[in-house]
Amino acid sequence: MSHFARDVIPLANMGVLILPDAQAVSLAAAEAIEAIIREATATRGRAVLGLATGSTPEGAYARLVERHSAGELSFRDVTTYNLDEYYPISPADPRSYRTYMHRHLLGRVDIAPNRAHLLDGSVPESAIAEHCAAFEGWIASDGGLDLQLLGIGRNGHIGFNEPCGLSVDEARRLRTRLVELHPVTRADAVRDFGSAEAVIPTALTLGVATILAARSIVILATGSHKAGAVAAALTGPITAEVPASLLQSVAPRVTWILDRSAASALPGLPAAWPPIN
Ligand code: F6R
């Protein structure tokens with residue numbers, strides 16, 4: 001929370017920053033990422049970031065690229081791990097998250113190619129478990145994640161940890177693995193795949209346990225279509241049916257950055273929040 005200068009309000013012991021619009025969310029997210037890079041590289045000589053794809057973080061990545069192009073920010077000492085990847089998918093497929101990351105960030109900054117890691121949608125089926133375990137092993141040998149950046153699905157998913165009937169304890173122990181995508185997730189993926197039939201229905205995802213272990217977690221949401229999931233995750237019970245609610249169990253390490261629309265279903269906010277300065 002120290003990465004945010006202003007207006008962070010506490011909710012379920014988490015920090016919540018509510019901003020006027022998506023652009024302000026992107027700027028605040030980029031500022032937080034930059035602050036974490038600076039702090040971690042100053043104290044440990046490197047920063048280890050867990051990154052997300054999707055439409056929500058695109059503006060934050062664009063801002064980080066701008067900072068890099070202006071000579072203000074280097075990724076020389078940064079290592080990244082992405083949350084998820086469709087499976088099976090070729091790394092070169094334009095719809096792969098590997099392509100997304102290359103296009104929006106990794107191909108546009110000075111990160112070393114062997115420090116930018118994504119789950120590989122082209123490993124043989126027989127090697128999935130080994131690949132997922134190795135991915136977690138790499139994160140551990142890098143000293144764990146300084147930051148996990150998250151978006152939230154309309155169904156409350158984080159990464160591709162989808163709503164399910166597990167107990168909270170079981171859900172909190174979920175590791176990196178192959179999952180089936182929830183119908184809401186598949187419906188939202190039509191935007192990228194062109195038709196319902198074309199959506200790849202399975203994916204590799206970092207587990208809940210790995211996400212919750214990050215030293216700092218920043219979750220972004222913009223738009224009224226996220227308002228229900230945001231309210232359930234922040235003010236509802238902790239349940240595997242709303243995977244983002246599991247963040248409540250590591251509350252002091254979590255900051256939400258929301259625009260006014262995504263925050264609109266939160267109970268008890270002043271009518272004109274955030275205050276106009
Ligand atoms: C992406 C990811 C997903 C997205 C979520 C929101 O790597 O893990 O959980 O963050 O589906 O997606 P957008 O931002 O497209 O609404």
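If you're wondering where the values come from, they're calculated on a predicted model, not measured in any experiment. Whatever order the structure lists them in is the order used to number ligands and atoms, beginning at 1.
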- Proximity flag Lys226 to ligand 1, non-hydrogen atoms under 4.0 Å: yes

- For atom 1 (C) of ligand 1, what's the nearest protein heavy atom and its distance? Thr53 OG1, 3.2 Å

- Per-atom contacts, ligand 1 versus Arg191 - under 4.0 Å to a heavy atom: 15 (O)

- Task: Please write down residue, atom name and distance for the protein heavy atom closest to atom 10 (O) of ligand 1.
- Result: Gly151 CA, 3.3 Å

- Query: What part of Ile152, side chain, backbone, both or neither, has a heavy atom within less than 4.0 angstrom of ligand 1?
  - Reply: backbone

- Item | Atoms of ligand 1 close to Gly54 [distance to a heavy atom under 4.0 angstrom, numbered from 1] | 14 (O), 15 (O)

- Report yes if some heavy atom in the side chain of Val230 is under 4.5 Å from a heavy atom in the side chain of Leu258; otherwise report no. yes

- Query: Can you find a pair of side-chain heavy atoms, one from Glu162 and one from Leu181, that are under 4.5 Å apart?
  - Reply: yes

- Sort out for me which residue in Arg44, Arg46, Arg253 forms a salt bridge (Lys or Arg N to Asp or Glu O under 4.0 Å) with Asp146. Arg44

- Is a salt bridge present between Arg154 and Asp188, judged by a nitrogen-to-oxygen distance below 4.0 Å? yes

- Item | Arg103, CZ: over 12 other non-hydrogen atoms inside 6.0 angstrom | yes

- Note on the structure: Quick look: His225 vs ligand 1, heavy-atom contacts under 4.0 Å, and the answer is neither

- Message: Determine whether Phe193 and Tyr86 satisfy the following criterion, ring pair (Phe, Tyr, Trp, His ring centres under 6.0 Å), listing intermediate values before the conclusion.
- Response: CA-CA 11 Å; Phe193 284 86; Tyr86 290 102; 4.9 Å; yes

- Identify the closest protein heavy atom to atom 8 (O) of ligand 1: which residue and atom is it, and at what distance? Asp84 OD2, 2.5 Å

- Task: Look at atom 15 (O) of ligand 1 and say which protein heavy atom is nearest, naming residue and atom and giving the distance to 0.1 Å.
- Result: Ser55 N, 2.8 Å

- Just need the protein heavy atom nearest to atom 14 (O) of ligand 1, so name the residue and atom and give the distance. Thr56 OG1, 2.4 Å

- Would you find a donor on one side and an acceptor on the other, under 3.5 Å apart, between the side chain of Asn82 and the backbone of Asp84? no

- Message: Below 30° counts as parallel, above 60° as perpendicular, anything between as tilted: where do the rings of Tyr100 and Tyr97 land?
- Response: perpendicular

- Item | Protein contact of atom 11 (O) of ligand 1 - nearest heavy atom, named by residue and atom, plus distance | His157 NE2, 2.6 Å

- Euclidean distance, Glu39 CD relative to Leu147 CG, rounded to 0.5 Å: 11.0 Å

- Query: Any idea which atoms of ligand 1 are less than 4.0 Å away from a heavy-atom of Gly159?
  - Reply: 3 (C), 8 (O), 9 (O)

- Using a strict cut-off of 4.0 Å, indicate which atoms of ligand 1 neighbour a heavy atom of Leu83. 8 (O)

